[in-house]
Every structure is written in structure tokens, then in C-alpha cells.
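Here is the structure we will look at.
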Amino acid sequence: EGTDLDGIAHLLGHLPLAVALIAGRLARTSSLSAADFYELLQISEKRLDALAYGQANLTASLDATYQFLSKLDQQLFTWLGVFGGEDFDETAVAAVSGQPISLIKTTLSTFLELSLLQEGRSSRFRLHPLLQDFARARAENLNQQIEQMCTYFCQYVVTNQHEFSRLDIEFSNISYALETAWTRQMQEPYVMAVNALYQYLDTRGLYDFLEKHLAQALKISEKDNHIQYQTETQLLLSVHQLRGSAYAQAVESLTNGLRLARQLEDDRLISGYLSNRGRAYRGLGQLTPALTDMQSAIAIERGRDDDRSLARTLAATADILMALGEMEQAQVHLEESLALARTCDEQLGLTDTLTFLGILASRQGHTEAARRYFEEDLQRAREAEHHVYVARALLNLAILNYGAGQYAQAKVRLSESLDLARQIDHELLIMGDLLYLGQLTHKQGDTETAVAQLQEALDLARQLKSDYFSAQVHQAIGAAYTQEGQLEVAVGHMEEALTLARQASVGEILAHILADYGLLASQRNIWEQADTCLAESETIAREEGDLRLLAYVLFCSGQRYADQGNLQEASAVWQEGLMLAEQCDLQETKATISWAKARGLHNIDPSQAQQLAQQSLSLFQRFGDYRAPVVQAWLRSSQS
């Protein structure tokens, strides 16, 4: 019963007279319980009737004050009843009621003095829920007033769609207006507002709200056979599917929408559908149709002089070109994208360009340039309060930290990124954060936690139905079990990773998995398999010009030669790997190669072996890597 009483007090806005009236009725009415009153008071039309006991009557008390008002003030007071948000401002009241702002200011001040109105947030006002019921009951044309309120806030969204701080302030009113407009089937204002609100909702991570209203907007557009609204809404709903990595579903939706866009002969929508279908094909690993769609979109956007859209499409095309190993073409696309985005001076317009520039610079071994791109991306994302882009930038910076052996900083960034991703339920980012957290946790010596993190990442990758991501997670789990000496378990994961990577046809992932699988075969003395995998891995890494990947592949190849007893060839391969690791600031790879080389040279050149082991020990200790005590024990043993 205590919960029901709390609920009653909340519904009454804790108004003392109202609470006292209900308390009196509860004390003297045995046939009605607190639960009965709570249920009754949830019906707004019944609230005022319930608030009467004996001579005490809330409606009569309010009527006495209401009758004191002039006729115009009474009309204005009834207008306040249509606002359903947290509070409202003078401008909204003036716009909805059609009265001059000077009159509204004076009238609202009078209402405050008479306690008919309360102060809200800074320079804003709120109407007590019971007074709202009272105002609505006295409205002469309530339906018209409600529709004018809906129209005002729907238009407010369209006008202020890029002014996120303004939308923040009015979001409770906007939300109420949208719900009311949908209930009343106000097609045009509702659909226009929902579509205009897309970027704000995406930025704020309000995905459930976004999906619900996009689906409703599409439904009402289809019902009324409004092809223009239907096509615009379908595009946004498809982009939302892309965010959730529902790539196959997005391809189907985008293909259907593209037919409508071509029927309308609307180049803006046609290019939007093509570029987003290209992104969907990219997510499925179907790079050739992805590139075809992107190039078609670019041609249309150049013809329209649509620099903002062109900048985004060029950046997305560069991502596909990188996946195809066309690094020079990717660079050209990104440089043009960067110039266009900076000219447009759009806060978020640069984010994809900066991200892909950072990834490309990283692969080319320009680590400091990559870090600068990612840091600018993070700064812009934080200023725009775009949780997705903040989480993505943090993940990219954490990957650089991880490679540089900066485990503590990487963990901080990954943890912040994961927290943000979980807040907005962004499954793709959650998976990416867990993938790298799992690898980092393993490097810090906690295999049990690492496997749990990686298993959660694998569950998400499967849920997303992505061969591309599933392959990466299986590889990481296999690598963890390899380090623990559980080779049979590791083989199962590596074989699954290799199968999925070949299906995804993405060179960078395939090369990394082949390197690990080859190294695993070498440890099991399956030399032919090791040679085949590592040779293919090195070929892919060199063709793609990915120096970070190549440095790791060379470590694996060198280890294969060492396992076969060919230390001269191993040393030559490792030397190239060390040079690349230094160039790319891959301190973890550098330490790993130095440690492998020390073990290989132990019986040939003990002095150099100890020197290399000491170098790797210093790095592992600085990182907090689990291999530090192993190397330390090895050094003590070799010196005794």
C-alpha cells in the first residue's frame, strides 16, 4: 500500500490540499483502497472529481481564483493546459496561442503571483498536473489547441534540427507533441518532424525512440500513399538498420527504397540510397557492389554540388578501397573529403573522414599522424556530445595505445568507450570494445576474464550475423588459448576464424588470421601448413601496404623459421619486423620479436640473447605484460 500512496502523491504533484483531500477520503471510505484511488487518479478526466470531500473541493477552490481573471486571461490560462512536457517558455505560449509576446509575459507573471503557475527551469514555467486538468476542462476548443501545440513543436524540430542544445531543452515537449500527433494521425507535421529529428536522436543515442517513430512515420506514409515521405523515411530507417549492423536487412530495404527514389527522379534521395547501400554491402564483405554503388553516388553528388554529402560518401568509399588494398586511391578520396568537409565547417561532417584518415595513416606506419586525426575526431565528437562518435574515437585511440604498449591508457579509453556503448546499446561498438579489452586483459595475465570478455564479444558478433567480426573474435580467443598451451582448443577457434575470414573476403583480417594459424601449425610441427599460411599472409600484407599488419606477420614468419632451426633466416625476417615495429610505434610487437629472437640466439650468441631479453623485459615491465616474469625467470636461469 505504501507504493500506491507514493504513486498517489506523485500523480497529485504533492499539492498539499489535494493530498489532504485524498487522505480524508481514504480515512473515511472503507470501500475504496489506496490502490483503487491510484487507479482512478491515473485517468486525468477523473482526477478533479476525485478531489472532493465534504465541504472541501479542489475544483471550487481553483474556480474562485479562475473567476477573478479577465476573459482574455482565462482563455490564455486554458492554452497552458496543452503543454505536456516538463516545462515551457513564453515564446511557445505566444506561438501556440497566437498572442503577442509582450502580453504573454505580463499574463504569465500574473499567473505566478496567483499561484496558478510555477517556475520551471531557467526563464521557463510549469503548470501543476491538477491545474493542467483544470485548464483543459475549461478550454473552449481543446482539440484545436492541442493540434496547434503539436504543429508548433513539430515545426520547431524542423527549424532547429541542427541546434541540439535547443532540442535538448524542449525534448519533453517534442516527445509529447510527437506522441499526440501520431495518435491524431497528423501525417505531414509528424513525418516531417520525425525525419528532421533523426540526426539529433542518433547523436544522443535515443535509438528505441528513433526506431519507434521512424517505423510509425513509414507506416502512416504508406497508408496515405505519400511516396515522397515514404521514400525519405525509408532511407532513414535503413540507415538506422546499418547502425545496428543489420546489413542484409538494410540492403533489401535500401534496394526497395531506391526504386521509389528513382520513380520520384529525386537525385538527392537516389544518391543517399546508393551510398548507404554501398555501406551495407561493405558490412557484408561484398566489396565490388559496394564500390559500384559508391561511385554512382559520387557521380550524382558531384553533379548536384552537394559538398556535405560528397565528403561523407568519399570517406566511406575510401574505407572500401582500403579493404580492397587500394591504399593510394583511398588516400586521394580522403584528401578530397577532408578539403570538402573543412570547407563546409560542419562539426560532425569531418568525423568519418578523420576516422578513416587515422586508420589509413596507422596502416602506413604514420602513427603520430593517425593519433592526431583520432584526437581531433574525439574532440569534435565530445563538443557535439555525439556518444557513438566519442566511443568510436576512444576505441581507435585505445588500439594505438595497445600497440604502443600503453596498456593502462588503452584500458581507460576502452572502459570509457564500453560504458558509452552500453549506455546507448550500440552492439557493434560494445563488441569492438570487448574484443580489444579481451586481448588486453589476456596480455595482462588474466586469461579467465579475457575469455569471458571475448565470449561476450563473440555472442554479439553472431547476433549481428557478421562473418567479418566473428572471424576476428574467434582469432582472438584462439590466440589466448595458444598462449596458454591449449592448442587443440585454439585450433578449433582458428579454423573457424579462417573459414569466416575467407567468406568475408577482407584481406587485413584474413592475413592476420593466416599468420596466427600458421604460427599455431608451426608449434604443432605441421610445417607445410605453416609455410602455406604464412606465405599467403605475408603476400596479402605486402600487397595491401599495411605496415602494422606486416610487422606482426614477420614476427610469426620468423618464429616459424626458428622452430625449424633456421635461425639465420629467422633473424633476417625478425630484423625487418623490428624496423617496421619501430616505425609504427608497435612497442608490444617490438618486445615480442626481441623476446623470440633472444630465445632463438640463446645457444649461438648468449651475450646478444641476454641483451635482447633484457630489452624485451624492460618493455614488458613498462606495459604490465604477463610475459615480464617469464622473461625475468629466463634471464636468471641463463645467467646461473
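Please read these numbers as outputs of a predicted model, since none were measured by experiment. For this chain, numbers begin at 1 and follow the sequence in order.
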For Asp377, which of Asn396, Thr351, Thr355 qualifies under side chain to side chain donor-acceptor pair (under 3.5 Å)?
Thr355
Looking at Leu236, is its backbone amide N or carbonyl O close enough to the side chain of His240 to form a donor-acceptor pair, meaning the two atoms are under 3.5 Å apart?
no
Do Arg121 side-chain atoms and Ile169 backbone N/O form a donor-acceptor pair below 3.5 Å?
yes
Find the distance between OG1 (Thr107) and CD (Gln74) and round it off to the nearest 0.5 Å.
12.0 Å
When rounded to the nearest 0.5 Å, the distance separating CG of Asp433 from CG of Leu395 is 5.0 Å
Does Gln199 reach the main-chain N or O of Ala196 with its side chain, forming a donor-acceptor pair under 3.5 Å?
no
What are the two closest non-hydrogen atoms of Ala217 and Thr233, and how far apart are they?
CB-CG2, 3.8 Å
What I'd like to find out is whether the side chain of Arg462 reaches to under 4.5 Å of the side chain of Val473, using heavy atoms alone.
no
Only counting residues at least two apart or in another chain, list the ones meeting ring-ring contact (aromatic ring centres under 6.0 Å, His included) with His213.
Tyr190, Phe209
Regarding Glu301 and Arg312, does a basic nitrogen lie under 4.0 Å from an acidic carboxylate oxygen?
no
Spell out, as yes or no, whether a donor-acceptor pair under 3.5 Å connects the side chain of Gln132 to the backbone of Gly81.
yes
Please name the pair of heavy atoms, one in Val251 and one in Ala280, separated by the smallest distance, quoted to 0.1 Å.
CG2-CB, 3.5 Å
Applying ring-ring contact (aromatic ring centres under 6.0 Å, His included), can you list everything that pairs with Phe111, at least two apart in sequence or on another chain?
Phe77
Asn141 atom CG, over 12 foreign heavy atoms within 6.0 Å:
yes
Going by an N to O cut-off under 4.0 Å, is there a salt bridge joining Arg277 and Asp293?
yes
Between Leu314 and Phe356, is there a side-chain heavy-atom distance shorter than 4.5 Å?
no
Write down the atom of Tyr176, the atom of Val82, and the distance for their closest heavy-atom approach.
CE2-O, 3.6 Å
Which value, rounded to the nearest 0.5 Å, describes the distance between Ile220 atom CD1 and His226 atom NE2?
10.5 Å
Test of understanding: with ring-ring contact (aromatic ring centres under 6.0 Å, His included), list the residues that count as partners of Tyr373, not counting sequence neighbours.
none
Has Glu140 got more than 12 heavy atoms of other residues, nucleotides or ligands less than 6.0 Å from its CD?
no
For Glu252, I'd like to know if atom CD has over 12 heavy atoms of other residues, nucleotides or ligands within 6.0 Å.
no
Which heavy atom of Glu544 sits nearest to which heavy atom of Ala323, and what is that distance?
OE2-O, 3.7 Å
Donor + acceptor pair across side chains of Ser253, Gln249 (<3.5 Å):
no
Will you find, in the side chains of Glu375 and Gln379, an N or O donor that is under 3.5 Å from an N or O acceptor?
no
Looking only at non-hydrogen atoms, find the nearest pair between Thr353 and Leu334 and report the distance.
CG2-O, 3.8 Å
Are the side chain of Asn160 and the backbone of Tyr156 linked by a donor-acceptor contact shorter than 3.5 Å?
yes
Just say parallel, tilted or perpendicular for the rings of Tyr389 and His386, cut-offs at 30° and 60°.
parallel
Could you tell me whether Glu222 and Lys219 have a side-chain N and a carboxylate O separated by less than 4.0 Å?
no
Angle between ring planes, Tyr402 versus Tyr436, binned at 30° and 60°: parallel, tilted or perpendicular?
perpendicular
So does Arg268 get a backbone contact from the side chain of Ser271, meaning a donor-acceptor N/O pair under 3.5 Å?
yes
To the nearest 0.5 Å, what is the distance between OG on Ser275 and CD1 on Ile270?
12.0 Å
Tyr468 six-ring face occupied by Arg282 cation (under 6.0 Å, within 45°):
yes
Not counting sequence neighbours, list each pair that qualifies as a side chain to side chain donor-acceptor pair (under 3.5 Å) and has a residue in residues 358-367.
Ser362-Arg548, Arg363-Glu508
Value for CG (Leu434) from CD (Glu456), rounded to nearest 0.5 Å, stands at 4.5 Å
Charged N-O contact under 4.0 Å between Arg204 and Asp168:
yes
Verify, without hydrogens or angle tests, whether Ser417 (side chain) and Ala391 (backbone) share a donor-acceptor contact under 3.5 angstrom.
yes
Phe83 meets the ring-ring contact (aromatic ring centres under 6.0 Å, His included) criterion, sequence neighbours left out, with Phe88
Take a 6.0 Å sphere around CD of Glu119 and say whether it holds more than 12 heavy atoms from other residues, nucleotides or ligands.
no
Just by modelled atom types, is the His333 backbone N or O under 3.5 Å from a matching donor or acceptor in the Ser337 side chain?
no
Is a side-chain N or O of Thr151 found less than 3.5 angstrom from the main chain of Glu147, in a donor-acceptor match?
yes
Could you give the side-chain donor-acceptor pairs of residues 90-101 under 3.5 Å, partners two or more places apart or in another chain?
unit_1	atom_1	unit_2	atom_2	d
Ser97	OG	Val93	O	2.7
Ser97	OG	Gln99	N	3.4

For the atom pair CG (Leu321) and CE (Met294), what is the distance rounded to the nearest 0.5 Å?
10.0 Å
Look at Arg392 together with Asp352 and state whether they make a salt bridge at an N to O cut-off of under 4.0 Å.
yes
Please indicate whether Arg166 has more than 12 foreign heavy atoms, meaning atoms of other residues, nucleotides or ligands, lying under 6.0 Å from its CZ.
no
How far apart are the closest heavy atoms of Phe125 and Leu117, and which atoms are they?
CD2-CD2, 3.7 Å
Carboxylate-amine/guanidinium contact Glu376 Arg372, below 4.0 Å:
no
